[in-house]
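Reading through the structure tokens given below for one structure.
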Amino acid sequence: MPTKTKPATTLAIVGRPNVGKSTLFNRVVGRRRAIVGDESGITRDRLYGETVWNGRRLRVVDTGGILPHDKEFIPSEIFRQARVAFAEADAIVMVVDGRTELAAPDLELSRLLMRTGKPLFLAVNKIDSPAMEAAAENFRQLGIRNVYSVSAEHGGGVAELLDAVLAGRAKEETAESAEEAEVAEETEAGESPASTQEAAVREVKVAIIGRPNVGKSTLLNQLTGSARAIVSPVPGTTRDAVDERIERDGRVYRLIDTAGIRRKGKTKLMAEKLSVVMARKHLEAADVALLVIDALDGVTAADAHIAGYAHESGRSLIVLINKWDLVGLERTDGRRPADRELYERQAHAALKFMPYAPILFISATSGKYTAKIFSALETVAAERRKRISTGQMNRFLKRVDFERAGVPVSKRVRIYYLTQAQVAPPTFVLFTDRAVKLHFSYQRFLENQIRKAFGFVGTPIWIKNRARG
């Protein structure tokens with residue numbers, strides 16, 4: 001009988017604002033996944049990361065700073081997100097700041113966490129020297145038995161904390177394994193066990209990008225069917241990239257809601273500057289980008305600027321005109337509804353450097369037309385990885401009339417053959433008689449001809465020139 005793979009242990013990191021939760025999260029997962037800064041309340045949505053500790057898989061959840069009785073919208077939404085993390089966690093680590101006095105919100109939060117019944121550990125953070133160890137003992141007043149002094153910034157005490165978390169989980173798994181063994185003995189002798197080896201399904205990473213407050217988080221919630229990301233009318237609510245893995249029609253997608261991208265001069269707080277940097281990093285790691293545009297504003301220069309990031313980094317792109325229900329349907333203010341074909345032509349004109357990108361009209365709030373996004377994603381993801389054989393490319397090349405390219409005689413090159421060197425994005429190498437940069441007219445003409453013959457919907461095409469021999 002095949003050995004059953006042990007599931008990852010889910011560890012939720014919680015605490016009041018600015019106690020070092022995200023620093024501990026980054027330390028455990030081994031990379032800068034969460035934005036860290038001196039400003040209070042940077043983390044808002046739940047963040048997930050995975051690591052392996054002593055051969056055991058660990059799934060770590062970072063949560064926003066919790067103030068249980070704060071009725072303001074953002075704090076209450078952070079608390080709601082944290083409660084989801086409590087429910088799915090196998091163990092909870094409450095983080096406190098060892099340099100501060102014990103406060104009433106700490107006591108309230110510890111009582112709340114003890115009521116969950118989950119294994120609970122207290123990490124007294126910012127204990128950076130042995131002289132500070134005594135201060136950590138003061139936090140035993142919270143009533144949490146498992147207390148560990150840690151320095152998330154320098155890594156001190158983190159190993160002991162993780163060892164304790166996984167040791168407790170190992171005892172629970174031993175009991176669960178004993179129960180499963182009893183059930184297995186009752187299985188009929190002639191019954192063959194189900195195979196644990198499933199065909200690997202490639203995950204498509206999808207970054208949701210756009211300006212602040214155009215509906216990115218609302219779209220993520222609509223596509224995942226949950227309140228995964230905090231949504232508010234305040235621009236810049238999302239700071240860290242929020243991701244969710246879903247399966248649809250046999251295809252696995254990882255949807256990543258990024259922070260609104262603004263020009264450098266428009267960002268003031270350090271958290272905002274870092275969120276823009278992180279948004280671009282997540283875009284560059286994605287396969288496909290969903291560019292969300294506010295239909296009420298039209299395609300702005302900032303939208304075109306963001307689209308340029310995706311185009312230059314070789315990401316496939318789908319343009320989503322959001323809030324179409326407010327302009328494209330019957331209006332309550334007496335104004336005529338917008339014409340979809342005219343709007344699409346204007347959008348293509350504003351994004352003329354990427355005519356390959358399909359445009360969809362949606363309403364993220366109501367969910368109208370959002371089902372079309374998945375079929376578009378499937379098409380674009382397949383086109384991105386499409387490969388054309390060298391034989392096909394050279395038969396195509398013989399049919400192309402380069403006289404129509406409008407290239408000056410001095411800039412022309414003799415073309416021998418064309419081959420596709422790689423996919424994602426589709427990259428072609430053109431072998432010619434001279435090692436010169438292709439004239440832009442050649443480049444544009446050849447790209448248009450390739451698209452006409454082979455498609456490549458939604459993805460940029462890269463063409464490189466190389467002298468034969």
Side-chain angles (χ1 to χ4, degrees), residues 204 206-207 209 283 286-291 293 299 303-304 306-321 340-341 343-361 372-407 411-432 437-466:
V204 178
V206 182
I209 62 174
L283 167 61
D287 300 301
V288 184
L290 298 177
L291 174 61
I293 291 173
V299 182
D303 294 320
I306 295 166
Y309 289 148
H311 176 77
E312 290 165 10
S313 63
R315 303 309 102 189
S316 298
L317 193 73
I318 299 170
V319 178
L320 303 178
I321 309 298
R340 182 178 299 208
E341 290 184 8
Y343 201 109
E344 187 168 349
R345 286 199 300 272
Q346 291 172 339
H348 273 305
L351 303 171
K352 58 185 177 183
F353 57 90
M354 38 176 284
Y356 54 82
I359 295 178
L360 302 179
F361 295 82
K372 295 179 181 179
I373 293 173
F374 285 104
S375 58
L377 281 172
E378 187 171 354
T379 299
V380 168
E383 292 284 288
R384 177 176 178 77
R385 305 193 69 80
K386 183 160 65 177
R387 185 178 287 279
I388 310 299
S389 70
T390 301
Q392 284 178 286
M393 290 306 306
N394 287 316
R395 285 192 294 273
F396 150 79
L397 200 58
K398 290 177 182 177
R399 300 194 302 268
V400 178
D401 180 10
F402 282 97
E403 294 296 324
R404 293 167 49 214
V407 180
K411 299 292 185 181
R412 292 182 184 180
V413 292
R414 184 178 179 186
I415 298 172
Y416 295 112
Y417 64 96
L418 180 66
T419 186
Q420 185 175 357
Q422 63 185 49
V423 298
T427 303
F428 297 89
V429 178
L430 190 66
F431 288 86
T432 64
K437 182 176 173 61
L438 280 182
H439 191 272
F440 76 91
S441 294
Y442 254 138
Q443 188 106 2
R444 182 178 58 191
F445 177 78
L446 184 55
E447 180 180 336
N448 289 340
Q449 295 301 310
I450 290 173
R451 290 191 188 281
K452 187 176 179 181
F454 303 109
F456 293 109
V457 176
T459 181
I461 290 176
W462 289 352
I463 300 173
K464 300 178 180 179
N465 182 37
R466 188 176 297 170

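- Between the side chain of Asn394 and the backbone N or O of Leu418 there is at least one donor-acceptor pair closer than 3.5 Å.
- Note that the CG atom of Asn465 and the NE2 atom of His439 stand 13.5 Å from one another [nearest 0.5 Å].
- A 4.5 Å side-chain heavy-atom check between Ile321 and Val319 finds at least one atom pair inside the cut-off.
- Distance check, rounded to the nearest 0.5 Å: CG of Leu360 to CG of Leu291 gives 11.5 Å.
- Taking each heavy atom of Ala286 and Arg384 in turn, the nearest pair found is O-NH2, 4.4 Å.
- Nearest heavy atoms, Leu283 versus Ala310: CD2-N, 3.9 Å.
- Legend: ring pair (Phe, Tyr, Trp, His ring centres under 6.0 Å) pairs involving residues 375-398, not counting sequence neighbours, sorted by first then second residue: Phe396-Phe454.
- Considering CG of Leu397 and CD of Gln449, their distance stands at 10.5 Å, rounded to 0.5 Å.
- The distance from the NZ atom of Lys464 to the CG atom of Leu430 is 13.0 Å, given to the nearest 0.5 Å.
- Put simply, the side chain of Ile388 reaches to within 4.5 Å of the side chain of Phe456, judged on heavy atoms.
- Few gaps surround CZ on Arg387; more than 12 heavy atoms of other groups in view lie less than 6.0 Å from it.
- Judged by distance alone, with hydrogens and angles left aside, the side-chain atoms of Gln420 form a donor-acceptor pair with the main-chain N or O of Lys386 at under 3.5 Å.
- Applying the side-chain hydrogen bond (donor to acceptor under 3.5 Å, both in side chains) criterion to Gln392, with sequence neighbours excluded, gives Ser389.
- Met354 and Ala307 get closest at one heavy-atom pair: SD-CB, 3.5 Å.
- Counting heavy atoms from C-beta on, the side chains of Leu377 and Leu290 come closer than 4.5 Å.
- Taking both residues in full, the closest heavy atoms of Val413 and Leu438 are given as CG2-CD2, 4.1 Å, listed atom of the first, atom of the second, then distance.
- Nearest heavy-atom pair, Ala350 versus Ala304, reported as atom, atom and distance to 0.1 Å: O-CB, 4.1 Å.
- Taken to the nearest 0.5 Å, the CD1 atom of Ile359 stands 6.5 Å off from the CG atom of Leu351.
- Exactly one of His311, Arg451, Glu447 qualifies for a side-chain hydrogen bond (donor to acceptor under 3.5 Å, both in side chains) with Tyr356. That residue is His311.
- Annotation: side chain of Ile373 is not in contact with side chain of Ile318 (no heavy-atom distance under 4.5 Å).
- Scanning all heavy atoms of the two residues, the minimum distance from Phe402 to Leu446 falls at CZ-CD1, 3.9 Å.
- Atom CD1 in Ile450 sits 11.0 Å away from atom CZ in Phe445 (nearest 0.5 Å).
- No side-chain heavy atom of Met393 sits less than 4.5 Å from a side-chain heavy atom of Thr419.
- Between Tyr442 and Arg412, some side-chain heavy-atom pair lies under the 4.5 Å cut-off.
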